[in-house]
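Presented below is the structure to which this report refers.
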Amino acid sequence: MSLSESPFTCPLFGPCFSLGLVLLFPSYWFVDRLLSCAVPTSIDRSQGCALRLLRLLLGVPVFLLLFLLSLPLGILGLLIWAPFHQIRRPFCYQNQSRAHTPPVEMIGGKCTFLFISANLCLLPDGLARFSNLRHTQKRTATISSLLGAPTAPQECQGINGKSDDSASLCSTNDVLTRVENIKEEFPSEISIDFPRGADFLCLQEVFDGRASGKLRRLLAPSFPHILYDVGPSGPYNCGFRFFNSGLFLASRYPPLAAKYFCYPNARGEDSLAAKGLLCVKVQVGVNEEQQSIVGYINCTHLHAPEADACVRFDQMSHLLQWVSDFQSENSEAGEITVFDVLCGDLNFDNCSADDHMEQSHDLFEVYKDPCRDCAGRDRSGVLGTLLRPESLYHEAVNTPDNMKRTLESPNERQLYLAPPLPLNSNPDVPHWTGRRIDYILYRPPESFPATVVDQFLFITQLAGLSDHIPISLRLSVTIDPTTSL
């Protein structure tokens with residue numbers, strides 16, 4: 001069973017929904033341009049007061065007038081567009097794989113899966129400027145070219161049949177003998193480039209519709225299966241939301257089932273977006289007994305305001321329950337599950353005293369954080385993933401090479417990574433990490449397959465393009481060829 005591409009059951013609803021969006025777009029664009037004129041970035045401020053004043057005195061009145069003139073059309077578009085959210089599936093699916101591709105046969109041994117998670121801050125340009133980022137469309141084009149670079153085939157053996165959905169499959173010759181080495185030194189690195197051969201991209205803050213379209217178009221050759229426009233940007237059972245969840249999942253494997261859950265307890269500015277959880281079940285192959293081999297990937301973005309620890313804590317509890325419900329509803333007898341991964345921006349870290357509540361949540365009893373030693377302490381080699389927005393364009397971090405050199409210096413990185421909370425806490429500790437708020441967690445196996453973290457990367461390739469440092473996790477999974485479920 002596979003997902004349908006249209007989020008509507010009736011083929012007539014899709015064009016009507018799109019018509020509403022077209023009518024809304026002029027008002028949306030004029031407001032975005034108005035904010036872009038009013039909110040300067042550090043680069044704008046460095047260009048002098050005269051240019052900024054000109055933008056304010058000319059740009060703001062002009063775009064305000066154009067917005068007011070476009071309002072009748074925008075209101076009509078809203079009246080057409082908003083009601084469809086009540087009957088629209090809260091995500092879209094793009095499938096550009098070859099038709100009728102046979103499943104890949106996996107015959108025991110070692111499988112590797114590569115996950116990348118990144119917060120791209122692809123908001124409308126006017127809102128991105130509050131994070132000291134601009135030119136959302138230009139950033140999108142550059143990011144897409146970096147994420148969608150041709151992938152190198154991984155070393156796989158024992159695969160019968162060919163498929164563009166086969167990314168990293170099983171070897172018949174080698175069965176892992178190093179399961180007992182899970183507690184060895186943490187295999188982390190700072191990488192200038194994204195790793196090649198990624199199987200899944202879990203992206204956050206892909207709010208802008210044009211940016212999402214550009215990402216889909218440029219990523220499709222490497223990732224034929226993409227779930228996007230996740231969550232409602234309108235009326236829904238969790239209330240009216242101006243923006244969707246911003247979640248975006250690109251996969252080399254076909255999804256068998258997917259479901260979105262909206263967090264019910266958003267407050268403040270975060271209540272403008274439909275933040276939630278996207279649960280997806282994918283098929284990665286079949287074994288010699290024709291048993292389906294599947295995996296689960298869960299993507300989320302938790303509540304942002306730093307002071308609202310109780311909101312995030314409750315969202316983590318919802319998350320655990322929803323994941324359990326989704327997997328109970330979609331698991332089938334005889335399947336072999338090779339991974340269960342949770343990716344996203346959780347908006348708390350494991351070094352701040354202010355985040356002690358989230359650090360002790362039961363989530364970390366269910367999912368394993370490979371970067372974490374215990375609650376409140378990370379492993380050696382771990383880095384923060386949140387940058388100080390005011391320093392994004394400083395020479396020390398404005399290129400991938402420069403950022404890598406800076407992050408490798410214990411003293412220099414303290415100037416550019418967001419510090420632990422509260423801000424007056426003492427940074428003079430043996431290993432100052434900064435705020436690591438981006439996570440890739442995995443569920444340790446109870447029996448088999450055995451799972452080992454092969455590599456964890458902190459990636460600097462988006463220097464100057466985002467206020468987050470992307471991360472990647474490579475999991476090695478052993479399937480016992482003599483075992484049958």
Distance under 6.0 Å and angle within 45° of ring axis: R443 vs Y367: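 Geometry flag: set, cation within 6.0 Å and 45°.
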
Tell me yes or no: between the side chains of [X] and [Y], is some donor less than 3.5 Å from an acceptor?
{"X": "D340", "Y": "Q327", "value": "yes"}
{"X": "D438", "Y": "S117", "value": "no"}
{"X": "D325", "Y": "S328", "value": "no"}
{"X": "Q315", "Y": "N265", "value": "yes"}
{"X": "Y263", "Y": "T300", "value": "yes"}
{"X": "H361", "Y": "S317", "value": "yes"}
{"X": "Q137", "Y": "D125", "value": "no"}
{"X": "S409", "Y": "R413", "value": "no"}
{"X": "T136", "Y": "D208", "value": "no"}
{"X": "S97", "Y": "N95", "value": "yes"}

Minimum-distance pair of heavy atoms, taken over all atoms of [X] and [Y]:
{"X": "S472", "Y": "I116", "answer": "CB-CG1, 3.8 Å"}
{"X": "P264", "Y": "H318", "answer": "CG-NE2, 3.7 Å"}
{"X": "R267", "Y": "C310", "answer": "NH2-SG, 4.3 Å"}

F456/F458 aromatic ring centres below 6.0 Å: yes

Aromatic centroids of F348 and Y439 separated by under 6.0 Å: yes

What's the spacing between [X] [atom1] and [Y] [atom2] if we round to 0.5 Å?
{"X": "N244", "Y": "C92", "atom1": "CG", "atom2": "SG", "value": "9.5 Å"}
{"X": "L421", "Y": "H356", "atom1": "CG", "atom2": "NE2", "value": "12.0 Å"}
{"X": "L247", "Y": "C202", "atom1": "CG", "atom2": "SG", "value": "6.5 Å"}
{"X": "L114", "Y": "Q455", "atom1": "CG", "atom2": "CD", "value": "7.5 Å"}
{"X": "Q96", "Y": "L219", "atom1": "CD", "atom2": "CG", "value": "10.5 Å"}

Inspect the contact between [Y] and [X] and indicate whether a charged nitrogen and a carboxylate oxygen are less than 4.0 angstrom apart.
{"X": "R436", "Y": "D369", "result": "yes"}
{"X": "E335", "Y": "K281", "result": "yes"}
{"X": "R435", "Y": "D349", "result": "yes"}

Residues that F115 engages under ring pair (Phe, Tyr, Trp, His ring centres under 6.0 Å), provided they are two or more places apart: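 If we apply the ring pair (Phe, Tyr, Trp, His ring centres under 6.0 Å) test to F115, skipping adjacent residues, the hits are F200, F339.
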
Please tell me if the side chains of [X] and [Y] come closer than 4.5 Å, counting only heavy atoms from C-beta onward.
{"X": "V284", "Y": "F113", "answer": "yes"}
{"X": "L386", "Y": "H468", "answer": "yes"}
{"X": "S212", "Y": "F207", "answer": "no"}
{"X": "R210", "Y": "W29", "answer": "yes"}
{"X": "L475", "Y": "V453", "answer": "yes"}
{"X": "F364", "Y": "L441", "answer": "yes"}
{"X": "D193", "Y": "Q461", "answer": "yes"}
{"X": "L319", "Y": "L342", "answer": "yes"}

Pair V341-N298, side chain to side chain contact (heavy atoms under 4.5 Å, CB included): steps then yes or no: CA-CA 6 Å; V341 169; N298 309 286; over 6 Å; no

Stepwise salt bridge (Lys or Arg N to Asp or Glu O under 4.0 Å) test for D32 and R129: CA-CA 11 Å; D32 184 37; R129 287 169 170 266; over 6 Å; no

From CA spacing to verdict: side chain to side chain contact (heavy atoms under 4.5 Å, CB included), V280, L227: CA-CA 9 Å; V280 182; L227 278 72; 3.9 Å; yes

Worked check of side-chain hydrogen bond (donor to acceptor under 3.5 Å, both in side chains) between N347 and E358: CA-CA 10 Å; N347 272 311; E358 300 97 310; over 6 Å; no

Polar side-chain atom of R139 near backbone of R134 as donor-acceptor pair, under 3.5 Å: yes

Heavy-atom donor-acceptor pair, D355 side chain to M357 backbone, under 3.5 Å: no

Qualifying residue for side-chain contact (heavy atoms from CB on, under 4.5 Å) with I293, from T337, V477, I336: I336

K259 NZ: over 12 foreign heavy atoms closer than 6.0 Å: no

Test side chain to side chain contact (heavy atoms under 4.5 Å, CB included) applied to K275 and D270, step by step: CA-CA 8 Å; K275 286 188 173 180; D270 254 32; 2.8 Å; yes

Test ring-ring contact (aromatic ring centres under 6.0 Å, His included) applied to Y260 and W322, step by step: CA-CA 9 Å; Y260 160 81; W322 290 336; 8.5 Å; no

Worked check of side chain to side chain contact (heavy atoms under 4.5 Å, CB included) between T460 and I190: CA-CA 7 Å; T460 64; I190 302 173; 3.9 Å; yes

